[in-house]
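All values derive from a computational prediction rather than experimental measurement.
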Amino acid sequence: MIKLTPPDYSIVTPLVSKVSFNTLFARVVIDNKVNGQIFVDDSLHPTVSLIVHKYGMALLCGNAENDSFNDKLVRFLKNTPSVELPAKYMLTYPERWEHKLASILGTELLQADDKGDSKVMTRDTSTSFLQTQRINYQFKPSSPLININIPAPFTLKKIDLDIYGKIHETQHSVVPEQFWNTAEDFLENGIGYALLYDNQIVSTSFASFIVDGKLELGVETTETFRKKGYSIYAASALVSYCLTNRYEPVWACRRENVGSSRLAESLGFIQASYHPYYCMPSKIQNKN
């Protein structure tokens with residue numbers, strides 16, 4: 001398992017191009033747009049690759065039968081809390097990886113049931129992996145998106161440097177700084193909106209990745225304002241921005257993230273595909 005240097009990241013492009021689902025998070029690492037790590041079995045002619053985005057999203061793709069690579073892969077995944085830019089969540093391609101990881105991890109792998117809950121919760125989940133699914137959505141509104149009126153006394157603002165700096169004070173999971181290297185990079189090349197109440201950040205929606213005319217949405221609501229429907233205001237503003245500026249809006253979430261699924265469907269997204277999704281031991285309870 002060889003760690004590549006950034007100038008060599010593009011060597012894995014042929015492997016990633018074969019993946020049939022959304023890989024924007026891996027693409028921005030390959031293109032050196034955001035920090036990450038890439039590991040391969042061969043630095044000149046790789047047949048398998050692990051791409052890790054700074055947020056912790058990882059893509060494992062290519063040949064599943066390289067035992068030497070696989071042994072080092074499992075050791076890496078088990079020790080992620082102690083490594084730089086650890087993998088927290090992992091997508092795999094092709095389907096062969098699902099069977100291979102089940103064989104390699106054995107009893108350390110928990111399987112989620114139809115509701116997204118793990119079937120075996122009597123074991124210590126802090127040392128187990130969880131296999132669930134990630135849903136990819138496709139944007140297909142039945143009619144042109146109508147601008148949603150912001151109720152008083154709330155206000156909607158484009159994320160500027162001041163708002164960018166305040167977001168992490170109240171939101172900690174899906175925030176711009178997890179997806180962009182610097183505030184300056186986000187403000188120059190990204191876009192986002194924030195719903196405010198009395199100068200407090202209620203909800204945000206921002207571009208997690210922008211690649212080849214596609215913009216993947218990131219959405220987060222401050223804990224004290226959750227389950228009140230406020231997330232639709234910033235999210236709908238970003239979808240409108242996409243349509244106005246000819247970006248294809250992209251949405252994906254873990255299957256058991258019911259709130260994210262409902263929001264996506266209310267904005268005009270429909271479920272397009274499901275893919276194996278692995279949560280590392282320390283992240284089983286996180287529903288991103």
How about Glu169: does its CD atom have over 12 heavy atoms from other parts shown lying under 6.0 Å from it?
yes
Looking at Ile51 and Val16, what are the two nearest heavy atoms and their distance?
CD1-CG2, 3.4 Å
Can you tell me how far the CD1 atom of Ile2 sits from the OG atom of Ser43, to the nearest 0.5 Å?
5.0 Å
Show, in sequence, the C-alpha distance, side-chain angles and deciding distance for Val74 and Glu108, and conclude whether the side-chain contact (heavy atoms from CB on, under 4.5 Å) test is met.
CA-CA 11 Å; Val74 172; Glu108 294 180 275; 5.7 Å; no
Quick one: pull up OG in Ser128 and CD in Gln111 and give me the separation to the nearest 0.5 Å.
11.5 Å
Minimum side-chain heavy-atom gap Leu109-Tyr278 below 4.5 Å
yes
Heavy-atom closest pair, residues Tyr137 and Cys253
CE1-SG, 4.0 Å
In this structure, CG of Asn245 is separated from OG of Ser240 (nearest 0.5 Å) by 10.5 Å
Is there a side-chain contact between Val175 and Thr204 in this structure, where contact means two heavy atoms from C-beta onward sitting under 4.5 Å apart?
no
Going by side chain to side chain contact (heavy atoms under 4.5 Å, CB included), Trp251 matches just one of Val219, Asn136, Val239, Ile135. Which one?
Val219
Could you grab the distance from atom CD1 of Ile159 to atom CG of Leu187, nearest 0.5 Å is fine?
8.5 Å
State whether a side-chain donor-acceptor pair under 3.5 Å links Tyr233 with Ser205.
no
Under a plain distance cut-off of 3.5 Å, with no hydrogens placed, do Thr182 and Asp185 share a side-chain donor-acceptor pair?
no
Would you indicate whether the side-chain heavy atoms of Val202 and Thr222 approach each other to under 4.5 Å?
no
Any side-chain donor-acceptor pair under 3.5 Å between Thr132 and Glu256?
yes
Heavy-atom closest pair (Thr221 atom, Ser203 atom, distance to 0.1 Å) is OG1-OG, 3.2 Å
Check the surroundings of atom NZ in Lys100: do more than 12 heavy atoms from other residues, nucleotides or ligands lie under 6.0 Å from it?
yes
For His275 and Phe21, take the angle between the two ring planes, folded into 0 to 90°, and tell me which bin it lands in: parallel under 30, tilted 30 to 60, perpendicular over 60.
tilted
Parallel, tilted or perpendicular, as decided by the 30° and 60° cut-offs, for the rings of His53 and Phe209:
perpendicular
Is the shortest side-chain heavy-atom distance between Gln200 and Phe225 below 4.5 Å?
yes
Centroid-centroid under 6.0 Å between Phe206 and Phe179 rings
yes
Parallel, tilted or perpendicular: which describes the rings of Tyr164 and Phe186, with under 30° parallel and over 60° perpendicular?
tilted
Please determine if Asp71 and Arg75 form a salt bridge, counting it only when a charged side-chain N lies under 4.0 Å from a carboxylate O.
no
More than 12 heavy atoms of other residues, nucleotides or ligands under 6.0 Å from CD of Glu265: is that the case?
yes
For the atom pair CG (Leu24) and CE (Met57), what is the distance rounded to the nearest 0.5 Å?
10.5 Å
Answer whether the closest heavy-atom distance between the side chains of Phe69 and Thr47 falls below 4.5 Å.
no
Which heavy atom of Cys61 sits nearest to which heavy atom of Leu15, and what is that distance?
SG-CB, 4.1 Å
Between Leu50 and Trp97, is there shared hydrophobic-cluster membership here, with clusters defined by ILVMFWY side-chain heavy atoms closer than 4.5 Å?
yes
Closest approach of Lys214 and Tyr247, non-hydrogen atoms and distance?
N-CD2, 4.4 Å
Heavy-atom closest pair (Arg255 atom, Ser261 atom, distance to 0.1 Å) is O-OG, 4.5 Å
